Amino acid sequence: MDRIAITGGAPLKGAIPIYGAKNSALKLQAAALLSPDPLILDNMPDLADTRFMVQLLASLGVEITWIKETRTLRLHAAEIGSTIAPYDQVRKMRASFNVLGPLLARVGHATVSLPGGCAIGARPVDLHLKAFEAMGADIHIEQGYVKAAALRGLKGAEIAFPFVSVGATEHAMLAAVLAHGDTVLKNAAREPEIVDLADCLNAMGARIEGAGTDEIGIRGVTSLKGAAHRVVADRIETGTYALAVATAGGDVLLEGARADHLQALIELLGAAGVAVESEPRGLRIRRNGGRIQPVDFETEPHPGFPTDLQAQAMAMLCSADGRSRIRETIFENRFMHAPELARLGAQIAVHGNEAVVTGVERLIGAPVMATDLRASVSLVIAGLAAEGQTVVNRVYHLDRGFEKLEAKLAACGAQIERQKED
Ligand code: UD1
């Protein structure tokens, strides 16, 4: 297993290109199953997760052409060859579950493994399944598999989610576009990835209104055509590098980043004493001297502070000039990075879903272990500011969501390298 070694202390200076969003790309890839014509996705991130989705789609009969140099992925689901997504594939990546809705909508049946829990929480899919049932699908769970059928097609429905779920909102959209009649999603998630998916589906001929608000209306159509769509810039990648610059100090332009998708983070950085400027080419982040100021925050559905940036913000606050409080409201087990950050000398007390971070003047490098995708990058961020060497083990988690992480940071002056294990 590879490791990443970082020698801390160097400020970051230069520019970092922001790639397409993983969390958007995975759902856009699933959308290709809805049309017999090709879907061309531009700005496609080349990550373990997106490669994995490509493999799954290929096993369902989708013809794939991925031109990595131009970051263009062409998906052509002329025929659906299989409607089964096996345990081994869904277990490795939860977003694989998202093929269920498109298969059900296009073919009328699908058998997809239940994803199971993951390191950050139980993560059930009950809201997804209730949405399909409301659209008239028969759903049975047998031996860990969801068997779904709507042989005469799905019917539009009014679906009021009891709480906000990004995945359930997207999945319901992916099915409702080909249902008979109108669907209304109430208490829908408002993440930029939802808007991106709606834009792509509309380019394919769907009729979706209200994406980005808490009520989404979908008028079902009988078929979808091909389209070309550019994957939205990754706001979590953007936020991660912004927090890295804030923590290590320096001056970096995040090229292609969108300030309008990161208002909660920009407010937090401002309160912490970090300068953020929106420029025509992206977002510029600057911190030259002076300690980070402590900030209290809680994670919330968009437009609140994203749970996917909580670990990285905690890493920054470990060396703040005072005490910060963090409340995690989305996932029940998302402070696993705290004991690893403590190995670098951070002072963090976790009580249930609250963490109190008492800033120390300087972290000291140490070997640490990555536990999940966002947690692992928080350890890299902490390592950039720590004295001496930090070695992050189990970096395969990082490879799921960050493309060229070491190269992008090294180009800005970080002392960081990947060590291959024999
Ligand atoms: C997506 C993102 C993930 C991000 C999360 C919240 C992808 C691939 N992943 O995950 O990076 O952290 O949004 O912004 O896009 N829940 C249920 N039942 C359901 C569905 C969800 O109880 O049927 C719960 C979850 O366990 C969680 C909460 O609802 O506690 C929110 O989860 P959700 O918004 O659905 O997250 P994901 O779509 O899984």
Side-chain angles (χ1 to χ4, degrees), residues 20-31 45 47-50 52-53 56 90 92-101 112 114-134 139 141 146 148 159-175 185 187-197 214 231-232 234-240 261-262 264-265 298-313 327-337 353 372-378 397-398 400-402:
K22 169 184 84 83
N23 284 353
S24 199
L26 293 168
K27 323 302 164 60
L28 297 168
Q29 287 174 283
L47 299 163
D49 277 13
T50 49
F52 193 75
M53 190 61 140
L56 173 60
V90 183
K92 286 193 206 132
M93 190 195 50
R94 294 181 55 82
S96 309
F97 189 68
N98 278 285
V99 301
L100 175 60
V112 176
L114 277 168
C118 78
I120 60 174
R123 301 184 80 175
V125 286
D126 52 323
L127 300 187
H128 301 228
L129 300 182
K130 281 193 187 123
F132 300 142
E133 274 176 337
I139 306 276
I141 297 184
V146 177
I159 298 161
F161 293 114
F163 52 88
V164 174
S165 161
V166 177
T169 303
E170 292 167 333
H171 213 169
M173 281 164 62
L174 281 165
L185 305 179
N187 201 21
R190 292 182 279 166
E191 270 66 4
E193 293 76 26
I194 307 272
V195 178
D196 200 36
L197 179 60
D214 62 1
V231 183
V232 69
D234 195 324
R235 67 196 165 95
I236 304 303
E237 190 193 25
T238 305
T240 298
H261 291 167
L262 280 162
L265 173 73
E298 66 176 41
T299 61
E300 286 170 307
H302 192 76
F305 192 90
T307 176
D308 285 352
L309 290 175
Q310 180 257 105
Q312 300 89 315
R327 210 155 75 86
E328 169 60 53
T329 75
I330 309 291
F331 291 110
E332 61 270 28
N333 190 23
R334 212 170 194 186
F335 284 136
M336 283 163 311
H337 40 285
N353 71 342
D372 72 65
L373 170 56
R374 311 303 176 185
S376 22
V377 83
S378 78
H397 289 294
L398 269 178
R400 289 190 37 220
F402 293 94

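Remember, it's a predicted structure, so these values are computed and weren't measured experimentally. Just so it is clear, the values below take in all heavy atoms, side chains as well, and ignore hydrogens, waters and symmetry mates. Both counts, for ligands and for their atoms, begin at 1 and track the order of listing.
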- Query: So how far is it from M53 CE to Q29 CD, rounded to the nearest 0.5 Å?
  - Reply: 6.0 Å
- Item | Partner set under salt bridge (Lys or Arg N to Asp or Glu O under 4.0 Å) for E191, not counting sequence neighbours | none
- Query: How far does OG1 of T169 sit from CZ of R190, to the nearest 0.5 angstrom?
  - Reply: 11.0 Å
- Task: Give yes or no for whether the N/O distance cutoff of 3.5 Å, strictly under, is met between E332 and ligand 1.
- Result: no
- Query: Short list, please: which atoms of ligand 1 are under 4.0 Å from a heavy atom of H128?
  - Reply: 23 (O)
- Is the closest heavy atom of K27 to ligand 1 under 4.0 Å? yes
- Message: At less than 4.0 angstrom from any non-hydrogen atom of G167, what atoms of ligand 1 do you find?
- Response: 35 (O), 38 (O)
- For the side chain of D196 and the backbone of V232, is there at least one donor-acceptor N/O pair under 3.5 Å apart? yes
- Task: Run the contact test for R334 against ligand 1 with a 4.0 Å cut-off on heavy atoms, strictly below, and give the result.
- Result: yes
- Item | Residue part near ligand 1, for V166, under 4.0 Å between non-hydrogen atoms | both
- Query: Where do A131 and I159 come nearest, in terms of heavy atoms and distance?
  - Reply: O-CD1, 3.7 Å
- Message: Closer than 4.0 Å to some heavy atom of T307 - which atoms of ligand 1 meet that?
- Response: 6 (C), 12 (O), 14 (O)
- L127: numbered ligand 1 atoms lying under 4.0 Å from its heavy atoms: 18 (N), 19 (C), 23 (O)
- Which of the atoms in ligand 1, numbered in the order shown and given with their element, are less than 4.0 Å from a heavy-atom of V125? 19 (C), 23 (O)
- Which ligand 1 atoms are under 4.0 Å away from a heavy-atom of D308? 3 (C), 4 (C), 11 (O), 12 (O)
- Task: May I ask whether P306 has any heavy atom positioned less than 4.0 angstrom from an atom of ligand 1?
- Result: no
- Separation between CG of L265 and CD1 of I236, rounded to the nearest 0.5 Å: 9.0 Å
- Query: Is ligand 1 under 4.0 Å from a heavy atom in the side chain of L129, in the backbone, in both, or in neither?
  - Reply: neither
- Any side-chain donor-acceptor pair under 3.5 Å between H302 and E193? no
- Message: Using heavy-atom distances only, which candidate in D49, N23, I330 approaches atom 2 (C) of ligand 1 most closely?
- Response: N23
- Message: Regarding D372 and R400, does a basic nitrogen lie under 4.0 Å from an acidic carboxylate oxygen?
- Response: no
- Closest to atom 21 (C) of ligand 1 by heavy-atom distance, out of A95, P162, S165, is S165
- Task: Hey, could you give me the NZ/CG distance between K22 and L373, rounded to the nearest 0.5 Å?
- Result: 5.5 Å
